[in-house]
Each structure stands twice: as C-alpha cells, then as structure tokens.
Trainee: 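One structure coming up, written as structure tokens, with questions to follow.
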Amino acid sequence: MKQNESLYYRLNKICKSIWDSSRTQLHLSMRHFDTAIYSFVMMRNDTTAFYGTDGDKIFYNEKYVIETYERGKIYINRAYVHMMLHCLFGHLFHRNGRLYDYWNLACDIVVESMLDEWKNQAVHLPVSGKRMKIYHILKAQVKVLTAERVYETLLSTRMTQKEFDGLLAEFEVDDHSFWREDNRQPNQPPMQQRQKKWDDISKKVQMSLEQFADDAGTDGDTITKTLKIENRKRYEYSDFLRKFSVLREEPVIDLDSFDYTYYMYGLTMYGNMPFIEPQEWKETKKIRDFVIAIDTSMSCSGELIQEFLGQTYQVLTESDQYFSKVNIHILQCDDKIREDTWITSTEQMEDYMEEFEVKGYGGTDFRPVFEYVEQLKQEKKLQDLKGLLYFTDGNGIYPKKAPDYDTAFVFVQSDDRTVQVPPWAIKLVLEPHDLMKHARVDHREDHRENEY
C-alpha cells in the first residue's frame with residue numbers, strides 16, 4: 001500500500017513539474033494571456049483518461065500527461081491553451097440545452113482552428129490536409145468560427161456515426177465531462193461564480209490584445225474577433241423588450257403600497273371600517289405603443305419572419321408585458337410600406353398570427369418606415385411610443401437622422417460582423433438555436449450603454 005502511495009506521489013510530482021514548465025513557457029511567449037494562464041489549479045483525477053477543466057481546476061490522469069509529454073512538450077502546451085480558450089470563450093457555460101456531443105465537437109473545432117492558425121512556436125504544429133479541408137468548408141459559410149455557428153453547421157450536415165466519430169477523433173483534446181453540472185467535483189465553486197470569473201478574464205485579455213494589437217501581430221486577430229463576439233452582453237429576449245415599456249396606471253390592486261397595520265387597526269376599533277384600503281390603480285412598466293417592422297425583401301425568408309413574430313408574441317403574452325389595452329403596429333415593408341396591421345388586444349394578435357402572409361419581396365429601404373411612424377405620431381395614433389423593432393438582414397438604406405425613440409435592428413442567423421447599423425441604433429443578434437432565449441446586444445461606442 002505504501003509503495004503504491006509513493007508511486008502516486010512521484011507520478012504526481014512529475015506531472016506538476018510538467019504543468020509548471022508548460023505554464024512558464026506559455027507565460028514567456030503569450031504575455032497577453034497571463035491572467036488566464038495562471039487561473040487554474042492543477043489536480044489529479046481518477047475519473048478521466050486524459051485531462052479536462054471545470055473552469056476552476058485542470059483535472060488530469062498522470063499516466064496520460066507523462067505519455068503526452070514524452071511525445072513532445074508542445075502537445076502539453078497546446079492542451080493547456082486549448083482548455084484555456086474554452087474558458088475564455090465561455091464554452092463551458094453557454095451550452096444552453098444543445099446536444100452534448102455536437103456542442104463538444106463544435107467547441108473543439110473552434111479552439112483547434114485557432115491554434116492551427118496561431119504561429120506561436122509554443123503551440124503551433126503542422127496542419128493536416130483533413131483539417132484544412134474542414135476549415136475551408138466551415139469558413140465558406142461563416143467568416144469567424146464560433147461554437148454556436150459551427151454547432152448549427154454540424155447539425156445541418158448529414159453525417160453517419162462513423163463520419164461524426166472521425167471528426168471527434170481528429171479534434172478531441174480534453175475531457176468535457178467536467179463541464180456538466182451533474183458531474184460536480186468536490187469543493188467546486190458554483191457555475192455562476194466560475195462564469196463570472198472567466199467573463200472578467202476574457203474582457204481583460206480582449207482589452208490587452210486590442211491595446212497592443214501591433215505587438216500581438218496578426219496571429220491574435222482571430223482570437224480578438226471571437227472574443228468580441230463572445231463578450232457581447234447576453235440578454236433574455238423578454239428583458240430586452242422591457243426597454244420598450246412605458247410607465248402607466250393600470251386598474252390592478254396595488255398590494256405593494258398597502259399598509260396592513262392601519263387596515264387591521266380600523267377593523268379592530270370600528271368593526272367593518274378599515275382606515276385604509278389598497279389602491280385600485282397601480283403604476284406599472286409595460287408595453288403599450290410599439291412598432292414591429294418586418295423586412296419582407298427577398299433576403300428575409302417567410303419561415304424566419306413567422307418564427308420571429310411567433311416568439312415575440314409568446315414573450316409578450318407569457319411575460320405579462322402587455323397592458324390590457326395595447327397599441328401595436330406591425331408593418332410589412334421592403335422599399336415601401338406594404339401593410340400596417342393595428343393590434344389592440346391579444347385576441348387580435350392571435351388572429352394575425354394564424355392568418356399571417358408575407359407581402360413584399362422587393363428591395364430594402366429603411367427610410368419609409370421611419371417616415372410612416374413619424375406620420376402616425378403626428379396623427380396621434382402613436383402617443384406613447386417607446387421603441388421600434390426592425391427585423392431585417394441589414395442590407396438597405398438607413399435614415400441619416402436619429403428618431404426620438406429607441407430603435408433596434410434585429411438579425412437572425414446572420415454573419416452579423418458584416419452589417420453596420422447607424423450609431424444611434426441598437427443591433428440585436430438572436431441566436432439561431434432556441435431563437436429567443438438568448439440574444440446578443442451589440443452597442444455602438446456612442447450609444448447609451450448605461451441604459452442596460
């Protein structure tokens with residue numbers, strides 16, 4: 001027994017030396033990543049056949065670490081940076097119900113593609129022809145590879161189990177079982193705490209890469225672009241809609257403002273005569289006047305439009321964000337206003353959804369919508385307008401002058417880097433998977449960021 005303990009001790013000591021040596025080399029060759037490099041505690045683990053991280057520790061199998069090191073020190077360096085990039089990009093925390101196998105493979109492909117592009121001597125290895133072919137296919141569809149985009153591409157690609165296993169064998173580096181909440185390790189910090197830690201580190205690394213771009217060279221470009229995408233704030237779609245709410249009195253008993261002390265005192269002293277009763281009106285922030293503009297040009301498919309409308313309606317009704325009386329205009333438009341449907345109740349919205357038909361399919365010009373909304377305001381048909389949602393692909397003519405209400409241009413399944421919205425607008429990118437559960441909001445530098 002003592003002999004086995006001594007062997008474990010020696011093996012673990014060797015592994016710690018290997019990891020320390022790797023960290024030192026990475027520190028010297030990747031100074032912009034110092035905070036990330038030193039953010040792990042190393043710990044041996046009997047449940048894994050190789051190594052993996054939970055965002056707090058790197059767990060490893062001693063035998064596998066030593067065997068990998070004997071193949072070449074660079075393989076240990078790459079494994080370390082591979083796991084570090086998973087954490088920087090939030091791969092551990094953003095699965096959001098996606099299929100484990102496909103999500104794990106997508107994350108590995110993204111990270112390995114960056115390491116293969118990186119000419120840093122501490123991590124660079126020759127790239128196989130098979131990998132080059134896969135990268136070429138993926139980048140023909142999306143210019144910047146992110147886990148979400150690669151995941152959607154993998155899901156839409158017909159593959160046999162053998163082909164999928166072949167991809168897994170090509171790109172798998174670490175054990176992702178430590179990402180799962182049902183595989184909690186002893187003394188593991190809560191996921192929310194680990195996520196916040198890496199969100200902060202990711203922003204610091206991005207800032208360092210941007211400030212010293214010349215120093216980092218072109219090798220850091222892809223990582224910087226991916227960090228920009230991943231570090232955009234994520235919002236529940238319902239939370240985003242609250243931005244367009246207005247403060248109004250509503251005929252609802254306001255129990256929050258009700259003082260039971262005076263109420264009970266009155267009943268005690270005078271029988272059925274309370275000193276105070278609850279207010280029958282309550283000030284609430286909900287959606288009343290609202291405009292949804294739908295770009296029905298050739299580039300926006302009817303299926304996506306219906307999904308957007310359906311999910312928007314679901315969020316509004318389920319989240320109780322309507323007033324009982326609403327004033328919502330749904331505009332179908334391309335280079336002209338094709339239809340204005342006026343919604344004043346949930347029943348009308350349901351009827352509209354059932355009978356919805358796309359009208360338009362011309363070019364895209366955003367200006368007629370803003371001109372029409374201004375006309376509605378002047379005619380007193382929109383008196384409490386807080387904002388406008390414009391569902392589009394972004395390829396059109398924008399107004400030069402900012403309106404006096406908030407405007408969000410909404411994109412779905414878009415390579416959103418290529419689309420630039422005006423400085424006064426909000427750019428909202430809805431994830432293709434689980435359409436409205438999570439959205440990224442891209443603020444222009446001169447937009448009012450403090451409102452979120």
Side-chain angles (χ1 to χ4, degrees), residues 47-55 59 79 82-83 85-115 130-131 133-135 137-142 144-185 188 190-192 194-195 198-199 226 229-230 232 234-237 301 303-304 307-308 310-311 314-315 411-416 429-440:
T47 66
T48 183
F50 38 132
Y51 27 60
T53 182
D54 64 352
F59 302 97
H82 179 105
M83 290 182 278
L85 289 178
H86 278 319
C87 296
L88 284 173
F89 299 143
H91 293 163
L92 295 71
F93 317 114
H94 297 157
R95 187 180 70 86
N96 299 328
R98 297 177 174 95
L99 298 174
Y100 274 111
D101 290 344
Y102 280 83
W103 178 249
N104 289 340
L105 177 57
C107 293
D108 281 336
I109 289 174
V110 168
V111 168
E112 284 298 293
S113 72
M114 291 180 187
L115 289 171
K130 181 178 180 179
R131 287 195 174 196
K133 184 179 178 180
I134 293 167
Y135 298 151
I137 293 170
L138 289 171
K139 289 183 179 181
Q141 300 179 58
V142 287
V144 175
L145 300 186
T146 64
E148 287 85 355
R149 291 167 179 173
V150 174
Y151 174 83
E152 292 298 327
T153 304
L154 290 174
L155 276 185
S156 63
T157 303
R158 282 188 161 185
M159 280 188 288
T160 63
Q161 187 62 46
K162 184 178 179 180
E163 289 170 332
F164 183 88
D165 291 342
L167 283 175
L168 199 61
E170 181 67 34
F171 291 101
E172 187 179 41
V173 172
D174 57 331
D175 186 348
H176 294 180
S177 68
F178 298 106
W179 299 5
R180 300 175 66 135
E181 277 295 275
D182 57 2
N183 187 26
R184 284 185 64 84
Q185 300 301 305
Q188 183 186 52
M191 180 172 283
Q192 189 175 7
R194 285 175 278 144
Q195 183 174 355
W198 280 102
D199 284 347
T226 308
I229 293 172
E230 296 295 347
R232 290 173 183 164
R234 292 169 184 262
Y235 292 90
E236 290 293 331
Y237 187 54
S301 73
E303 184 181 350
L304 280 178
E307 189 170 6
F308 167 71
Q311 294 291 352
Q314 184 179 351
V315 169
F411 307 89
V412 180
Q413 290 184 327
S414 165
D415 188 7
D416 55 284
V429 184
L430 303 180
E431 299 290 0
H433 174 78
D434 208 2
L435 185 62
M436 297 300 181
K437 282 193 175 179
H438 293 90
R440 295 198 311 271

Trainee: Which distance, rounded to the nearest 0.5 Å, do you find between the NZ of Lys139 and the OG of Ser113?
Mentor: 5.5 Å
Trainee: Phe59 and Phe178: ring-ring contact (aromatic ring centres under 6.0 Å, His included), yes or no, with the steps?
Mentor: CA-CA 9 Å; Phe59 302 97; Phe178 298 106; 4.7 Å; yes
Trainee: When you measure from the centre of the six-membered ring of Trp103, is the NZ or CZ of Arg98 under 6.0 Å away and within 45° of the axis?
Mentor: yes
Trainee: For Leu145 versus Met114, what's the shortest heavy-atom pair and its separation?
Mentor: O-CE, 4.2 Å
Trainee: Examine distances only and state if a side-chain atom of Trp198 and a backbone atom of Gly55 form a donor-acceptor pair shorter than 3.5 Å.
Mentor: yes
Trainee: Between Glu112 and Lys130, is the closest basic N to carboxylate O distance under 4.0 Å?
Mentor: no
Trainee: Is there a side-chain contact between Thr48 and Ser177 (heavy atoms, below 4.5 Å)?
Mentor: no
Trainee: Is the backbone of Leu99 close enough, under 3.5 Å, to the side chain of Tyr151 for a donor and an acceptor to pair up by distance?
Mentor: yes
Trainee: If you round to the nearest 0.5 Å, how far is CG of Asp174 from CE of Met83?
Mentor: 6.0 Å
Trainee: Provide the closest heavy-atom pair for Val173 versus Phe50 in the form atom of the first, atom of the second, distance.
Mentor: O-CD1, 3.3 Å
Trainee: Counting C-beta onward and ignoring hydrogens, is there a side-chain heavy-atom pair between Phe164 and Leu105 closer than 4.5 Å?
Mentor: yes
Trainee: Go through the steps to decide whether Phe89 and His94 satisfy the test side-chain contact (heavy atoms from CB on, under 4.5 Å), and finish with yes or no.
Mentor: CA-CA 9 Å; Phe89 299 143; His94 297 157; over 6 Å; no
Trainee: Would you say Glu163's side chain and Thr160's backbone share a donor-acceptor pair under 3.5 angstrom?
Mentor: yes
Trainee: Do Phe93 and Gln192 have side chains that get closer than 4.5 Å, going by heavy atoms?
Mentor: no
Trainee: How many angstroms lie between CG in Asp165 and CD in Glu170, if you round to the nearest 0.5 Å?
Mentor: 13.5 Å
Trainee: Run Arg149 and Val110 through side-chain contact (heavy atoms from CB on, under 4.5 Å) and show every step you take.
Mentor: CA-CA 10 Å; Arg149 291 167 179 173; Val110 168; over 6 Å; no
Trainee: Identify the two heavy atoms, one from Ala147 and one from Cys107, that lie closest to each other, and give their separation to 0.1 Å.
Mentor: CB-SG, 3.9 Å
Trainee: Nearest 0.5 angstrom please: Glu152 CD to Thr146 OG1, how far?
Mentor: 9.5 Å
Trainee: Can you tell me how far the CG atom of Asn104 sits from the CG atom of Leu168, to the nearest 0.5 Å?
Mentor: 8.0 Å
Trainee: Please work out which of the three classes, parallel, tilted or perpendicular, describes the rings of His176 and His86, given edges at 30° and 60°.
Mentor: perpendicular
Trainee: Say whether Asp108 and His91, considering side chains only, have a donor N or O and an acceptor N or O under 3.5 Å apart.
Mentor: no
Trainee: Could you tell me if the side chain of Met159 sits less than 4.5 Å from the side chain of Leu154, heavy atoms only?
Mentor: yes
Trainee: Does the structure place the NZ or CZ of Arg95 under 6.0 Å from the centre of the six-membered ring of Tyr100, at an angle of no more than 45° from the ring's axis?
Mentor: yes
